[in-house]
Amino acid sequence: MLRAARALAERIEGLRLGRFVLFKQLPSGAGLGGGSADAAAALRLIAKANGLGLDDRRIHEAACATGADIPVCLDSRPRVMRGIR
């Protein structure tokens, strides 16, 4: 979450980040995509707080810079995927 927030802040001057409190229900490092979903949720919340649309390229750039699966987690819907892009 923090890496994603910082990646977005590097791309948007004056971005309001707020404060995050995370309560995990998955074991940390379980490999279940929990961290990626958390990072995407942070980006969605920051975007909303700053009046940015999820189609803003800087949000996608920050997601890609943070992790390969985070961009797909931004738009929560079922997908069939392979590869990174």
Side-chain angles (χ1 to χ4, degrees):
M1 291 176 69
L2 295 177
R3 277 190 301 214
R6 289 180 187 127
L8 188 57
E10 289 173 1
R11 289 160 173 78
I12 302 175
E13 187 175 329
L15 188 72
R16 293 179 312 171
L17 295 177
R19 179 175 170 213
F20 293 99
V21 177
L22 175 65
F23 295 97
K24 299 236 10 135
Q25 296 296 319
L26 297 171
S28 180
L32 300 173
S36 297
D38 296 341
L43 290 174
R44 285 193 303 270
L45 287 169
I46 294 167
K48 184 175 181 178
N50 286 275
L52 301 170
L54 290 180
D55 58 346
D56 188 305
R57 67 171 171 75
R58 299 168 296 182
I59 295 171
H60 183 74
E61 289 171 0
C64 288
T66 306
D69 56 346
I70 296 171
V72 74
C73 293
L74 282 173
D75 182 24
S76 299
R77 59 187 166 113
R79 304 200 188 213
V80 175
M81 301 175 54
R82 70 173 181 243
I84 292 177
R85 295 187 193 243

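These figures come from a predicted structure and were not determined experimentally. Hydrogens, waters and symmetry mates play no part in the numbers below; they use all other heavy atoms, side chains included.
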Exercise. Does any non-hydrogen side-chain atom of T66 lie less than 4.5 Å from one of L43?
Worked result: no
For this session: List in chain and number order the residues that pass side chain to side chain contact (heavy atoms under 4.5 Å, CB included) with A42, two or more places apart in sequence or in another chain; answer none if no residue qualifies.
Result: M1, F20
Exercise. Shared ILVMFWY cluster between I59 and V72, side chains joined below 4.5 angstrom?
Worked result: no
Donor-acceptor pairs under 3.5 Å, side chain of residues 3-15 to any protein atom, not counting sequence neighbours: which ones?
residue: R11; atom: NH1; partner: A7; partner atom: O; Å: 2.7

Exercise. What pairs with D56 under salt bridge (Lys or Arg N to Asp or Glu O under 4.0 Å), at least two apart in sequence or on another chain?
Worked result: R58
Exercise. What residues form a side chain to side chain contact (heavy atoms under 4.5 Å, CB included) with A41, not counting sequence neighbours?
Worked result: R44
Seminar exercise, completed: Minimal heavy-atom distance between A68 and P71, with the atoms involved, is O-CD, 3.6 Å
For this session: Could you pull out the closest heavy-atom pair between S36 and D69, with the gap in Å?
Result: OG-OD1, 2.7 Å
Exercise. Are L22 and I70 linked, directly or through other ILVMFWY residues, by side chains that come within less than 4.5 angstrom of each other?
Worked result: yes
